[in-house]
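Since we're looking at a predicted model, the values are computed, not measured.
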Amino acid sequence: MTVRHPLIAKIFSLSLIFFIGGCALFKGERTFSKSGLTVTFRSLNALDDVQNIRFQYPIILSEANIRNHLLSLWYQDIVSPRKPRPVFSSSVVSKLAPLFKTVMKKVKPGKYLHFEYQDLRGITEGQVFVTAKKIHWRFFKINGVVYSNDPLRIRKPTWQLVRMFGGQDYQKLRTGGFEKTIKNRIIANIN
């Protein structure tokens, strides 16, 4: 059998090789799911504002330490503030702490954890990663309500995390000469 158009055959062959190589290079994200918690191991390239941060691997925390961190995460409504409430109830924390301990040990360099927890009140979604002596908790949704704290009130403000204990602080972004406090992100001492 002869090839009538050798240039087309070469282009097709090269395209096929690059396609197969590209598929191997861009593997899907690993996902772990159990008891309403879905955790995805995502690339650090998906995080914003993490320049000059040194991430810690592997993330080895005791179950009691993780339980304490989860219990120390509280939030409050912005528009009609009332008493702050925990992000996770103590019964939910008892279920989530061993799962977080398991997946945190499996985080590879260049990755962080994106999590979603589904219960009757809605989805709680966020990210967690560890740097030297600090754990970073970022929340996008709590009980199905998306975070919004627009100072111009174009989008209705919803909730903000509340620092309840010493060793917790909000993430601060510095741009130009200004500093902005991000109140859906808590940075806490790892211990």
Output the distance between atom CZ (R67) and atom CZ (F88), rounded to the nearest 0.5 Å.
14.0 Å

Residue from I60, I66, L99 passing side-chain contact (heavy atoms from CB on, under 4.5 Å) with M104:
I66

Ring centres under 6.0 Å, that's the criterion: do F100 and F115 meet it?
yes

Working to the nearest 0.5 Å, report the span between CG of L47 and CZ of R42.
9.5 Å

side-chain contact (heavy atoms from CB on, under 4.5 Å) test vs F32 passes for just one of T38, V103, T40, L113, namely V103

Which heavy atom of Q76 sits nearest a heavy atom of R82, and at what distance?
NE2-O, 2.8 Å

Which heavy atom of P58 sits nearest a heavy atom of K105, and at what distance?
CB-O, 4.1 Å

Would you say N184's side chain and F139's backbone share a donor-acceptor pair under 3.5 angstrom?
yes

Judged by atom type as modelled, is there a donor-acceptor pair below 3.5 Å linking the side chain of N65 to the main-chain atoms of I190?
yes

W137 side-chain N/O to L73 backbone N/O, donor-acceptor pair under 3.5 Å
no

For the hydrophobic clusters of this structure (ILVMFWY residues joined by side-chain heavy atoms under 4.5 Å, transitively), does one cluster hold both L44 and I59?
yes

Do P86 and L71 come close enough that some side-chain heavy atom pair is under 4.5 Å?
no

Taken to the nearest 0.5 Å, the spacing of Q160 CD from T181 OG1 works out to 10.5 Å

Given a cutoff of under 4.5 Å between side-chain heavy atoms of I, L, V, M, F, W and Y, with clusters grown through shared members, what are the other residues clustered with V162?
W74, M164, F165

Under a 4.5 Å side-chain heavy-atom rule over Ile, Leu, Val, Met, Phe, Trp and Tyr, are V145 and V92 clustered together?
yes

Taking side chain as C-beta onward, heavy atoms only, is E63 less than 4.5 Å from P98?
yes

Between I142 and L161, is any pair of side-chain heavy atoms under 4.5 Å apart?
yes

How about R85 and Y75: do any of their side-chain heavy atoms sit closer than 4.5 Å?
yes

Approximate separation, where rounding is to 0.5 Å, of L37 CG and Q118 CD
11.5 Å

Verdict with supporting geometry, F41 and K106, side chain to side chain contact (heavy atoms under 4.5 Å, CB included):
CA-CA 9 Å; F41 299 89; K106 296 179 180 187; 4.0 Å; yes

Determine the sole option in R138, K183, K180 for which the side-chain hydrogen bond (donor to acceptor under 3.5 Å, both in side chains) test with Q171 is passed.
R138

Would you check if the side chain of S148 reaches a backbone N or O of T158 as a donor-acceptor pair within less than 3.5 Å?
no

Hydrophobic clusters here meaning ILVMFWY residues chained together by side-chain heavy-atom distances under 4.5 Å, can you tell me if Y170 and Y147 are in one?
yes

Let me confirm one number: the NZ-CG distance from K111 to N45, rounded to the nearest 0.5 Å.
9.0 Å

Would you be so kind as to tabulate the donor-acceptor pairs closer than 3.5 Å made by side chains of residues 122-135, with sequence neighbours excluded?
from	atom 1	to	atom 2	distance (Å)
T124	OG1	N143	N	3.2
E125	OE2	H114	NE2	3.0
Q127	NE2	Y112	OH	3.4
T131	OG1	H136	NE2	3.1
K134	NZ	N189	OD1	2.7

What distance separates I186 CD1 from S72 OG, expressed to the nearest 0.5 Å?
8.0 Å

